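Since the structure comes first, as structure tokens, the remarks are kept for the end.
Each chain gets a letter, A, B and so on, in the order its sequence line appears, and its residues count up from 1. In this text the structure is predicted, and so the values were computed from the model without any measurement. Values below: every heavy atom of this structure, side chains too, minus hydrogens, waters and symmetry copies.
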Amino acid sequence: MTAVAAASRQPTDWGHPRLAQRLRRRHRSERLFRAIGLSALVVAVGFLALLLGTMLKDGVSGFVQTQARIDTTLDPATLELSADRSPEALASANYLAVYLRDVRESLGQDGVRIASINGWTELRRRVLEDPGLVGQRLTLWVPVRSEVDQYAKGRIDVGADPTLAPIRPEQVRAYARLEAEGRIRKAFNRTFLSAADSTSPESAGIRGAFVGSLLTILVTLALAFPVGVLAAIYLEEFAPKNRWTDLIEVSINNLAAVPSIIFGLLGLAVFLNTMGLPRSAPLVGGMTLALMTLPVIVIAARAAIKAVPPSIREAALGIGASRLQTVFQHVAPLALPGILTGTIIGVARALGETAPLLMVGMRAFIVDAPRGFTDPATVLPVQIFLWSDDVNRGFVEKTSAAILVLLAFLLAINAVAVYLRNRYERKW
Amino acid sequence: MSIDTLARVAQNQRSVDARPLMTARDVHVWYGPKHALKGVSLDITRENVTAFIGPSGCGKSTFLRCFNRMNDTVAGARVEGRIELDGQDIHAPEMDVVQLRARVGMVFQKPNPFPKSIYENVAYGPRIHGLAASQGELDHIVEHSLQRAGLWDEVKDRLQDSGTALSGGQQQRLCIARAIAVDPEVVLMDEPCSALDPIATAKVEELIEELRGRYAIVIVTHNMQQAARVSQKTAFFHLGEMVEYGDTSQIFTNPREARTRDYITGRYG
Ligand SMILES: Nc1ncnc2c1ncn2[C@@H]1O[C@H](COP(=O)(O)OP(=O)(O)OP(=O)(O)O)[C@@H](O)[C@H]1O
Ligand SMILES: [Mg+2]
């Protein structure tokens, strides 16, 4: 029958104009598709560049601090220090008195309008580091007040009516004088990386939020990863396929789409009100985010497990491996890159989450970095939210700088994901 | 059929009947609503290599997979009938399917090496079943199995390379080595030579001849000459039924059924 059909068919004329036109049209649509794809890529990269550009423009100056040089004498009398040089005694000495006296001495009577009022903490830090400094003379750089810092960075335009500017004319004059004397410099802002939140921008840092984020994410990962992966393995490899598992699958997919604030409310109701766990703690924040991340991990892990070719399972079962051995020695290692990618996506999303954490009280104003999972803490995105809300304009650059830190954090996490994926990626 | 083949068939007639190692009685398989195997009964002995022949899709693989209960792993598959290994019902609750699959090894139709090293591929079975007391013994099992599968000379210098980096035919021989490394009682081979060149095919056929008597061997093949060369018993399947079963010489020289004759002579299928 096929022989008959072949014989009755005209030989194909590949040079026929209709065929040539068809070929041209196919090439044209391919070129069109490439152009569209490329423009989509350009748009995506453009937005990314815009985001990074804006943040860098506003944020880089947040890593720079304007400082004034003071000469100070750490005399025990003004410090109200007795002979006791124990750390407790040193920590509670009256550094403020010394600081105010020496600021006036070094920078003039209007020096306190320039130097930050919190600069005395620098004295304490140095003394606690090296108790031998007590009684010594010492030169150090202390941060200037936020409005002076902003003025020094050219962010304040004194303009036509100086009375409306956030910086006073006396301050401008004093600054000009000190700058001429060489008592002003711009240096890397160590405070920003080493301090926690503060009401004054020059003393505010992100360490508290950073540590809070880290602890929270650890809790999230420790809960969501094992539970999610085990649930996925059970559902894919062991659970019977029936109406119940279908129902569970639908529920999990739905859960992944639930707005995060609802998880926050759930966390508030269950972890805080019912279980009585501490408010504002990374433990509770992490548990809340784990609820949110769990479905993402389950879905990603199931997809990764499903993508492992069934022939691998047959091979293992066929030589008498048990189901458990098949899953953990053959299927899971092959699914691992996919599982890790999904986990990292889930965790990265959790890291950037704000709303549910507001619900469990992680928006509190906390001046110390948390030392444990139950200490009150805040996290980077919440810190960004709080600072962006602050009326003090010194916080504008802090907000952008904090966003840069968050982006760097996310980048690091994604880099780890790529590394792990390449490391464990195997072909079959 | 060539004179040569016929001569071989005659030579293979020395088959002796003995107590069957595996028996299948009235085995049916459904894949969902599809009735893929319709009441097949068959005995497998150590002394005879059994060949399954038949057109594509007739249920050869399906039947083969009943002997080590691989159909259990197929969603929607249902097996009925009685299959015994050494007089023991393999569907009985006290039958441990893990042990069953160690005793009844299988080489699959599509080569499926683990994405691990060549060494690991072969060593995996003996290791999980605890068959080697020492590393040296394990090395020995691996080498011996690869040698029997005719792969040793090609891979002895690259045992740590990935099994999936081998060619298709090499992969199939690796899977054979992996199956016999566990020292099963029955070896089920689903078209083990379909991807092999004539030299490698000859090696596998030698292996089958060598293993006969020690293991019960079932081989599915589309190559009539191969069936005639290696087997003493042949079963012809068609549309889920076993049309004819008998001594290979009889099936190839004097089939009782017209369908068998048509298939063997290539007029059909
Ligand atoms: N997993 C499955 N799900 C549904 N139907 C199946 C499945 N496996 C096999 N079948 C069907 O069962 C029938 C027998 O298949 P089987 O694989 O046993 O054929 P075969 O004789 O081995 O063919 P071939 O020579 O092509 O390998 C076929 O019609 C096939 O479509
Ligand atoms: Mg088949």
For residues 175-186 of chain B against chain A, heavy atoms under 4.5 Å, the residues are B:R178, B:A179, B:V182

Original post:
How are the rings of B:Y124 and B:F114 set to each other: parallel, tilted or perpendicular (split at 30° and 60°)?
Top reply: perpendicular

Listed by number, the residues in residues 126-139 of chain B that come under 4.5 Å of chain A (heavy atom to heavy atom) are B:I128, B:H129

- Do B:N71 and B:R65 meet the criterion of a side-chain donor-acceptor pair at a distance under 3.5 Å? yes

Q) For B:V79 and B:H91, what are the C-alpha separation, side-chain angles and deciding distance, and is it a side chain to side chain contact (heavy atoms under 4.5 Å, CB included)? A) CA-CA 10 Å; B:V79 179; B:H91 291 110; 4.1 Å; yes

B:H28 meets the side-chain hydrogen bond (donor to acceptor under 3.5 Å, both in side chains) criterion, sequence neighbours left out, with B:D26, B:H35

When the 4.5 angstrom heavy-atom criterion is applied to B:V104 and chain A, the contacting part is backbone

In terms of heavy-atom contacts, B:M70 and B:F108 come closest through CE-CZ, 3.8 Å

So OG1 of A:T220 and CE of A:M287: to nearest 0.5 Å the spacing works out to 10.5 Å

So do the side chains of B:I118 and B:Q170 get within less than 4.5 Å of each other, counting heavy atoms only? no

Most contact-rich option vs chain B, by heavy-atom pairs under 4.5 angstrom, among A:Q329, A:R323, A:E314, A:R313, is A:E314

* Asked: Can B:D72 and A:L317 be said to form a side chain to side chain contact (heavy atoms under 4.5 Å, CB included), step by step?
  -> CA-CA 11 Å; B:D72 289 13; A:L317 292 172; over 6 Å; no

* Between A:R26 and A:E30, is the closest basic N to carboxylate O distance under 4.0 Å? -> no

By side-chain hydrogen bond (donor to acceptor under 3.5 Å, both in side chains), B:D157 pairs with (sequence neighbours left out) none

